[in-house]
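Numbering of residues begins at 1 and proceeds along the displayed sequence.
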Amino acid sequence: MPPLPVGKHWEEAEGHALAMIASTQSKLSNDAAFSHASAALLHGLWVLTVPERPEVSQSTRPNLHAKSSLWRSHARLAHNDVTTLDGRRVTTLERTIADCARTMRPRDALAVADSGMRAVLHADRRTKEAEVARVAELRRCLRQMVDTGPPRGRRQARAVIAAADPYAESPMESVLRWVAVSRGLPAPEVQMPVHTREGTFYVDLGWRWTLRRADGSTVVYVVLLEYDGEVKYVPGDGLVDSLDGAVAAVLAEKHRENLIRENPDNTLRRFSKRDVFDPDRTFARMLSALPREVRAELTPVPELLYGTALRPHS
């Protein structure tokens with residue numbers, strides 16, 4: 001599995017990929033459109049692995065033996081599968097989500113699907129309850145696109161779309177959730193509200209279990225996971241613009257965490273960039289927070305854990 005993106009290295013790769021897209025636009029046939037990871041980049045979605053070459057979909061079958069500066073996929077794009085961005089023909093957000101769900105590695109596909117659904121719906125965690133029907137309809141439409149498309153990669157795409165959530169607020173949150181659900185944990189609540197004596201806070205991922213003991217009593221477990229992006233506390237690069245602001249942000253975060261931990265039902269685990277680089281280590285830390293009864297029932301999801309990733313033909 002390729003490494004996760006890191007700061008300036010990823011920005012440089014993204015810049016190079018976008019420059020290649022611009023330089024190859026004139027090589028496209030009339031009905032071709034940028035697709036897959038290239039379309040995701042152009043839409044501003046979360047692309048964890050930047051493509052080495054621009055990716056396009058076209059109605060003519062690519063020459064598999066010819067060298068090319070493009071990844072070419074054979075696909076008959078309907079009129080409503082294509083949009084225009086800055087003068088370029090690009091697959092729509094919905095078609096891009098479906099294509100990436102079928103061909104990318106599951107981890108990467110989930111990040112694209114999360115951010116794509118977020119972009120389509122303009123999702124807001126404060127209005128989740130009012131948007132249930134819209135999320136379900138979008139998921140149905142994406143599933144239909146997958147079911148009526150090429151059969152290869154379909155099982156993975158169905159699993160990715162079922163696991164996708166428009167309320168994820170960063171690509172590393174998507175990766176953290178992928179670690180959990182691919183290894184058998186049920187889908188967590190994304191941006192889960194946690195009520196404290198000083199108000200309600202939102203946590204990246206959360207589960208709540210009410211379990212019955214042998215003596216008939218019940219016990220509540222609330223497991224909360226958060227990803228800490230180091231850059232958000234760096235003056236000028238993240239959410240603060242000065243050293244004083246960084247200190248205040250760290251203290252406020254510590255106070256928020258203390259309030260959450262006051263409830264004895266709550267178990268909070270924080271994860272960093274170093275953690276998500278090692279999925280097995282990350283999952284082991286998740287397991288340590290789970291009740292024994294939940295751990296015993298976990299079954300990995302092969303379509304999300306290993307996938308059936310396919311690259312477009314070159």
Side-chain angles (χ1 to χ4, degrees), residues 5 14 17-18 21-22 25 28 31-51 54-59 71 73 75-125 127-128 130-150 153-154 156-171 173-175 177-178 190-191 309-312:
E14 179 196 33
L18 292 174
I21 289 172
Q25 184 174 354
L28 301 188
D31 71 337
F34 290 105
S35 62
H36 298 79
S38 292
L41 279 175
L42 290 169
H43 281 295
L45 306 186
W46 300 332
V47 179
L48 299 181
T49 306
V50 177
E55 302 178 11
V56 300
S57 291
Q58 59 188 44
S59 61
W71 285 103
S73 254
R76 296 190 180 279
L77 297 173
H79 176 72
N80 60 358
D81 283 335
V82 180
T83 188
T84 302
L85 294 176
D86 297 325
R88 302 184 181 96
R89 282 172 54 82
V90 182
T91 51
T92 61
L93 280 166
E94 294 86 347
R95 176 62 189 248
T96 300
I97 295 168
D99 285 343
C100 291
R102 187 176 62 85
T103 60
M104 282 183 170
R105 297 171 180 87
R107 179 198 72 184
D108 296 29
L110 186 61
V112 169
D114 283 354
S115 54
M117 291 181 70
R118 183 177 181 85
V120 171
L121 297 170
H122 304 287
D124 186 333
R125 66 188 183 188
T127 56
K128 275 200 293 186
E131 295 171 351
V132 171
R134 292 179 63 221
V135 173
E137 176 61 17
L138 175 57
R139 204 182 304 277
R140 186 195 66 79
C141 290
L142 293 172
R143 172 67 182 260
Q144 184 177 36
M145 293 181 77
V146 167
D147 288 346
T148 57
R154 188 177 288 166
Q156 172 183 301
R158 290 169 177 166
V160 168
I161 289 168
D165 195 300
Y167 299 101
E169 295 188 349
S170 79
E173 288 179 31
S174 297
V175 173
R177 198 169 84 260
W178 167 76
V190 176
Q191 295 302 314
L310 300 166
R311 298 295 299 173

Judged by atom type as modelled, is there a donor-acceptor pair below 3.5 Å linking the side chain of [X] to the main-chain atoms of [Y]?
| X | Y | value |
| --- | --- | --- |
| Ser57 | Ala75 | no |
| Ser170 | Glu173 | yes |
| Arg95 | Val82 | no |

For [X] against [Y], the heavy-atom pair lying closest together:
| X | Y | result |
| --- | --- | --- |
| Arg76 | Ser59 | NH1-CB, 4.1 Å |
| Arg88 | Ala22 | NH2-CB, 3.5 Å |
| Arg107 | Leu48 | NE-CD1, 3.9 Å |
| Ala37 | Val47 | O-CG2, 4.1 Å |
| Ala39 | Phe34 | CB-O, 3.6 Å |
| Trp46 | Ser174 | CZ3-OG, 3.5 Å |

Measure the [atom1]-[atom2] distance between [X] and [Y] for me, rounded to the nearest 0.5 Å.
| X | Y | atom1 | atom2 | value |
| --- | --- | --- | --- | --- |
| Leu110 | Ile161 | CG | CD1 | 11.0 Å |
| Arg154 | Arg143 | CZ | CZ | 9.5 Å |
| Leu93 | Arg118 | CG | CZ | 13.5 Å |
| Ser35 | Asp81 | OG | CG | 11.0 Å |
| Arg105 | Gln156 | CZ | CD | 10.5 Å |
| Leu45 | Ile97 | CG | CD1 | 7.0 Å |

Problem set entry | Among Glu94, Arg102, Arg140, the one residue meeting side-chain contact (heavy atoms from CB on, under 4.5 Å) with Met145 |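 Answer to the side-chain contact (heavy atoms from CB on, under 4.5 Å) test with Met145 among Glu94, Arg102, Arg140: Glu94.
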
Exercise. Knowing that exactly one of Leu42, Val90, Val56 qualifies, which makes a side-chain contact (heavy atoms from CB on, under 4.5 Å) with Ile21?
Worked result: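 Per the side-chain contact (heavy atoms from CB on, under 4.5 Å) rule, the option paired with Ile21 is Leu42, out of Leu42, Val90, Val56.
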
Do [X] and [Y] have side-chain heavy atoms sitting under 4.5 Å apart?
| X | Y | result |
| --- | --- | --- |
| Asp165 | Asp114 | yes |
| His36 | Ser73 | yes |
| Val135 | Met117 | yes |
| Pro51 | Ser38 | yes |
| Val160 | Met104 | no |
| Leu121 | Glu131 | no |

Problem set entry | salt_bridge(Arg89, Asp31) N-O dist < 4.0 Å |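 Judged by the 4.0 Å cut-off on N to carboxylate O distance, Arg89 and Asp31 do not form a salt bridge.
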
Exercise. With a 3.5 Å cut-off and no angle check, do the side chains of Thr92 and Thr83 form a donor-acceptor pair?
Worked result: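 No donor-acceptor contact under 3.5 Å links the two side chains.
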
